[in-house]
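Report on the structure given below.
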Amino acid sequence: MTTGGPDPLKDALDLQARIRGLKALLELQRWQVEVLNSRLYSSEPGGVAARRLLALKRSEDGAPALQVPVGMNDP
């Protein structure tokens with residue numbers, strides 16, 4: 001191996017460390033999704049309220065903006 005050239009072993013070890021970090025982040029996100037799902041789809045009153053609020057929020061996001069009606073005598 002030449003001095004100062006690419007080091008495949010070091011590159012492989014760096015890649016392996018990055019993969020471990022990404023796996024840890026993915027596991028954390030999976031856990032967060034499970035917690036949110038258990039809260040959102042709970043049969044307890046809080047879960048029911050959360051589903052209703054989410055449905056309301058989604059319907060508001062897709063609803064067209066209300067227009068001010070124009071009267072016959074308005075300029």
Side-chain angles (χ1 to χ4, degrees):
M1 236 192 296
T2 62
T3 307
D7 185 1
L9 180 59
K10 183 181 179 302
D11 292 344
L13 291 173
D14 289 344
L15 183 59
Q16 187 179 30
R18 287 182 185 176
I19 290 171
R20 273 195 306 263
L22 289 172
K23 283 183 178 180
L25 286 174
L26 187 59
E27 181 64 24
L28 175 65
Q29 287 182 339
R30 185 191 62 79
W31 174 79
Q32 289 173 331
V33 167
E34 287 178 3
V35 169
L36 289 173
N37 277 336
S38 68
R39 290 180 186 170
L40 185 61
Y41 296 109
S42 172
S43 60
E44 297 176 8
V48 173
R51 281 195 302 274
R52 288 180 181 164
L53 285 173
L54 183 61
L56 180 62
K57 175 71 176 151
R58 287 180 178 164
S59 69
E60 287 176 351
D61 288 344
L66 294 176
Q67 303 259 338
V68 177
V70 177
M72 292 175 61
N73 294 330
D74 288 344

Margin query: Nearest 0.5 angstrom please: I19 CD1 to L26 CG, how far?
Written below: 12.5 Å
Margin query: Looking at D14 and R18, is any side-chain nitrogen of the basic one under 4.0 Å from a carboxylate oxygen of the acidic one?
Written below: no
Item checked: Contacts of R30 that satisfy salt bridge (Lys or Arg N to Asp or Glu O under 4.0 Å) - sequence neighbours left out -> E27, E34
Check: Any chain of hydrophobic side-chain contacts (each under 4.5 Å) joining V35 to L28?
Finding: yes
